[in-house]
Amino acid sequence: MEIEIKFTLNDRAVQVRVPPSMTTLSMLREKFDLTGGKLACGEGECGACTIKIDDRTINSCLMFAVDCDGREIQTIEGLGSVAGLEIMQQAFVDHGAIQCGYCMPGMIMQARYVVDQNAGRDPLTRDDIARGLEGNVCRCSGYTKVVDAVAAVVLEEAAL
Ligand code: FES
């Protein structure tokens, strides 16, 4: 049995048929070829599958695809493009924050969310940034350069 759902995906209206037990992460990867979000723990512990849904981020490995019906979803592929990286993506590149890259799509989605949530308030400190990213695990970056990248975006956007 499959269920038809309709939702907005990276600013585009889409519809798809999915099995009731399919996760949002699997749907994005298998039905839409959006492979930025990764399956790592599959238990909501690592953040490698982070996407934005409506106005918050979620671990897409824990959400059923059918629950996307009527929602607005953004993946890393909708944040920027290879030809035009979004400012957070570019900052991760510029600051050497990306190593193997496996966790980075989720990390960048969460970083973008944390900074956007703070708009109009005092700039985030490095501790604030680290706290905001504590649900995103990286085995090879050591986090320092990740925080460097996000802090640079905070400074850059505060100057705009
Ligand atoms: Fe979803 Fe780890 S794969 S939180």
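One-based numbering, in listed order, for ligands and for the atoms of each.
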Tightest non-hydrogen contact, residues Leu34 and Glu77, listed as C-OE2, 3.3 Å
Please determine whether Cys41 has a backbone or side-chain N, O or S atom lying under 2.8 Å from atom 1 (Fe) of ligand 1. no
Note: ligand 1 atoms sitting under 4.0 Å from heavy atoms of Gly44 are 4 (S)
message: Please check this pair: side chain of Thr24 against backbone of Phe64, looking for a donor-acceptor N/O pair closer than 3.5 Å.
response: yes
* Ignoring hydrogens and geometry, is there a side-chain-to-backbone donor-acceptor pair from Glu86 to Met88 under 3.5 Å? -> yes
Ligand 1 to Glu45, heavy atom cutoff 4.0 Å, flagged ligand atoms 4 (S)
If we number the atoms of ligand 1 from 1 as shown, the ones under 4.0 Å from a heavy atom of Gly47 are 2 (Fe), 4 (S)
Within 4.0 Å of some non-hydrogen atom of Cys49, the atoms of ligand 1 are 1 (Fe), 3 (S), 4 (S)
Of the backbone and side-chain N, O or S atoms of Cys46, does one lie nearer to atom 1 (Fe) of ligand 1 than 2.8 Å?
-> no
For Ala40, the ligand 1 atoms with a heavy-atom partner under 4.0 Å come out as 3 (S)
Near Gly42 (heavy-atom distance under 4.0 Å), the atoms of ligand 1 are 2 (Fe), 3 (S)
Closest non-hydrogen atoms of Gly37 and Arg29, given as atom of the first, atom of the second and distance, are O-NH1, 2.7 Å
Partner of Arg112 under side chain to side chain contact (heavy atoms under 4.5 Å, CB included), picked from Ile76, Leu79, Thr57, is Leu79
Indicate if Leu62 and Ile51 have the same hydrophobic cluster label, given that clusters are the connected sets of ILVMFWY residues with side-chain heavy-atom separations under 4.5 angstrom.
no
